[in-house]
Amino acid sequence: MDPATHSFDPEQAPRVVREVVCSPDPESGRPRAAWSTLSVAQGLAERYGVWAGSWTGSVGRTADAGTVIDDLEPGYGGDDLVFEARRYTRILLCWRAWLEELASLFSRFDCPPDAPEAERRQVRERGVGPVVALVVERTGAGEAWCGECATALAWFLETTGMPPDEAEDLADKAVDAAFESWIVPGVGAVSRVSAIIGEHTPRG
């Protein structure tokens, strides 16, 4: 998911997305956009890499959905492929911008590959607050914000050397223990998440 490992030209995105939207879905033979959102996401992932198809759970239909992308285009385009190309281009660009914003934040908490575990714990604890704050700012702490927060925290933990499965489990556990939908977390709740993550004993 690290944008630094995947080149991307935003000026070319409208053309690429248009091609994907209009390309035949492997299962149905219909244009991907007329078949399903998942088909479009898979097509984008084939063109750009896994990162480009990982936004499917982060697009909300309303401004207070608590997701990192608000899909506020009026109505549904259906078979209007021009409409769908514009819509999916916007989604892809918003998603890429979000990944770049997260990567920039993570870089402030650089953890050398050979750092001892005690140092890694300190880095993880320090990073929790800024990551949570950024997610809250982006999502407004709406209905689905906890899921977005857990995902962002898991990605952050991976940058400190934690295996992906372990990072995901720990982030889910910490968020479920302290955060709630529709509620901006207070200092105490954020501190609790930081403590859960900082006190975690690595597997194996």
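Scanning all heavy atoms of the two residues, the minimum distance from Trp35 to Ser28 falls at CD2-OG, 3.3 Å. The shortest non-hydrogen separation linking Arg121 to Gly198 is NH1-O, 3.3 Å. The nearest pair of heavy atoms linking Cys149 to Val132 is SG-CG2, 3.8 Å. Taking all atoms of both residues into account, the shortest heavy-atom contact from Arg138 to Trp98 is NH1-CE3, 3.1 Å. The two residues Ala65 and Gly60 come nearest to each other via the heavy atoms CB-CA, 3.9 Å. Annotation for Thr56 and Ala41: closest pair CG2-CB, 3.5 Å, computed over non-hydrogen atoms.
Proximity of Pro202 to Met162: side-chain heavy atoms (C-beta onward) are nowhere separated by under 4.5 Å. Using a 4.5 Å cut-off on side-chain heavy atoms (C-beta onward), Arg30 and Pro24 make no contact.
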Donor-acceptor pairs under 3.5 angstrom involving side-chain atoms of residues 169-191: please list them, not counting sequence neighbours.
| from | atom 1 | to | atom 2 | distance (Å) |
| --- | --- | --- | --- | --- |
| Asp169 | OD2 | Arg203 | NH2 | 2.6 |
| Ser181 | OG | Glu143 | O | 2.7 |
| Ser191 | OG | Val187 | O | 2.9 |

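The main-chain N or O of Arg32 is never found under 3.5 Å from a side-chain atom of Ser36 such that the two would form a donor-acceptor pair. A donor-acceptor pair under 3.5 Å links the side-chain atoms of Trp95 to the main chain of Trp51, judged by distance alone. Counting only distance, with no hydrogens or angles, the side chain of Arg124 and the backbone of Ile197 share no donor-acceptor pair below 3.5 Å. Judged purely by atom type and a 3.5 angstrom limit, Ser107 uses its side chain to pair as donor or acceptor with the backbone of Ser104. In terms of modelled atom types and a separation under 3.5 Å, the side chain of Thr5 and the main chain of Asp2 share a donor-acceptor contact. Judged purely by atom type and a 3.5 angstrom limit, Arg120 uses its side chain to pair as donor or acceptor with the backbone of Pro113.
Side-chain polar atoms of Thr67 and Glu148 form no donor-acceptor pair below 3.5 angstrom. Side-chain polar atoms of Ser7 and Tyr48 form no donor-acceptor pair below 3.5 angstrom.
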> Yes or no on side chain to side chain contact (heavy atoms under 4.5 Å, CB included) for Tyr88 and Trp55, after CA distance, side-chain angles and deciding distance?
Replying inline: CA-CA 11 Å; Tyr88 282 116; Trp55 43 262; 3.6 Å; yes

>> salt bridge (charged side-chain N to carboxylate O under 4.0 Å, His left out), that's the test. Do Asp71 and Arg61 meet it? Break it down for me.
In response: CA-CA 5 Å; Asp71 182 18; Arg61 295 299 300 176; 2.6 Å; yes

>> Please determine whether side chain to side chain contact (heavy atoms under 4.5 Å, CB included) holds for the pair Val123 and Arg126, giving the CA-CA distance in whole Å, both sets of side-chain angles, and the decisive distance to 0.1 Å.
In response: CA-CA 5 Å; Val123 170; Arg126 291 201 311 270; 3.7 Å; yes

> Taking it one step at a time, do Trp155 and Leu99 satisfy side chain to side chain contact (heavy atoms under 4.5 Å, CB included)?
Replying inline: CA-CA 10 Å; Trp155 289 340; Leu99 295 181; 3.6 Å; yes

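More than 12 heavy atoms of other residues, nucleotides or ligands lie within 6.0 Å of CZ in Arg86, so this atom counts as buried by the packing criterion.
Looking at residues two or more places apart in sequence or on another chain, you find a ring-ring contact (aromatic ring centres under 6.0 Å, His included) between Phe106 and Phe156.
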